[in-house]
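Working notes, structure below.
Nothing here was measured: the structure is a model prediction, and the numbers come from that model. Both backbone and side-chain heavy atoms feed into the values below; hydrogens, waters and symmetry mates do not. Both counts, for ligands and for their atoms, begin at 1 and track the order of listing.
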Amino acid sequence: MASRQVAILVGSDSDWAVMEACYKTLGEFGVPVTVRALSAHRTPDQLAAFVRGAEGQGVAVFIAAAGMAAALPGAVAALTSLPVIGVPLISGALQGVDSLLSIVQMPPGVPVATVAVGEPGARNAALLAVQILATADPSLAEAFKKFKSKQAETVDKKNQSLQERLPRG
Ligand code: RP5
């Protein structure tokens with residue numbers, strides 16, 4: 001069987017400009033990724049066929065991103081027992097409020113792990129998927145710990161620089 005991978009689903013190719021950050025972040029951890037543009041509303045049959053076949057192809061985590069009515073993450077969660085991470089995207093008149101509320105308000109029994117709206121959420125979706133895969137992959141767990149330490153070092157350096165720039169009183 002193929003190694004455990006992440007499937008990134010976008011509701012439209014217009015979502016890719018933001019979700020590329022998710023793809024790149026997964027790539028930084030060496031996680032294999034499959035990408036599909038599939039819509040809960042426009043291509044429901046193709047979506048169901050892909051999700052039902054994905055586990056057999058080695059998919060272990062779904063990341064689903066959509067804007068506007070954003071049914072995609074919930075529809076994926078309805079079709080699979082694998083974990084689903086939902087990314088609300090900014091699109092249309094309500095600028096992400098619509099997709100956030102659509103994705104976060106799943107009924108009990110069908111969880112979707114909803115991350116932040118837009119690009120921060122795209123990055124966090126990748127990191128959360130890495131954390132999920134890392135529970136059964138010690139080398140990925142180690143890579144994630146290194147990422148966190150490096151991030152903390154960056155903040156330490158920024159804090160130092162900030163202290164140096166403060167006016168002396
Ligand atoms: C959603 O509608 C998509 O996820 C996208 O964010 C939004 C607009 O789609 P397009 O009209 O650009 O295809 O389903």
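Using a 4.0 Å cut-off between heavy atoms, S91 contacts ligand 1 through its side chain alone, with no backbone atom that close.
Summarising the geometry of A69 relative to S102, their closest heavy-atom pair is O-OG, 2.8 Å, with the distance given to 0.1 Å.
Atoms of ligand 1 lying under 4.0 Å from at least one heavy atom of S12, given by number and element, are 3 (C), 4 (O), 5 (C), 9 (O), 10 (P), 12 (O), 13 (O). Close contacts of ligand 1 with A66, meaning ligand atoms under 4.0 Å from a residue heavy atom, involve 4 (O). Counting atoms of ligand 1 from 1 in the listed order, those under 4.0 Å from a heavy atom of D15 are 3 (C), 4 (O), 5 (C), 6 (O).
Here the heavy atom of the protein found nearest to atom 14 (O) of ligand 1 is G67 O, 4.1 Å. The shortest contact between atom 12 (O) of ligand 1 and any protein heavy atom is with S14 OG, 2.7 Å.
Side chains of Q5 and T34: a donor-acceptor N/O pair is present below 3.5 angstrom, by distance only. D156 and Q160 are not linked by any side-chain donor-acceptor pair at a separation below 3.5 angstrom, with hydrogens and angles left out of the test.
Formation of a donor-acceptor pair under 3.5 Å by the S161 side chain with backbone atoms of K157 is not found in this model.
The side-chain heavy atoms of V110 and V112, taken from C-beta on, include no pair separated by under 4.5 Å.
At least one heavy atom of R42 sits less than 4.0 Å from an atom of ligand 1. Not a single heavy atom of L89 lies less than 4.0 angstrom from ligand 1.
Salt-bridge check for R123 with E119: passed, with a basic side-chain N closer than 4.0 Å to an acidic carboxylate O.
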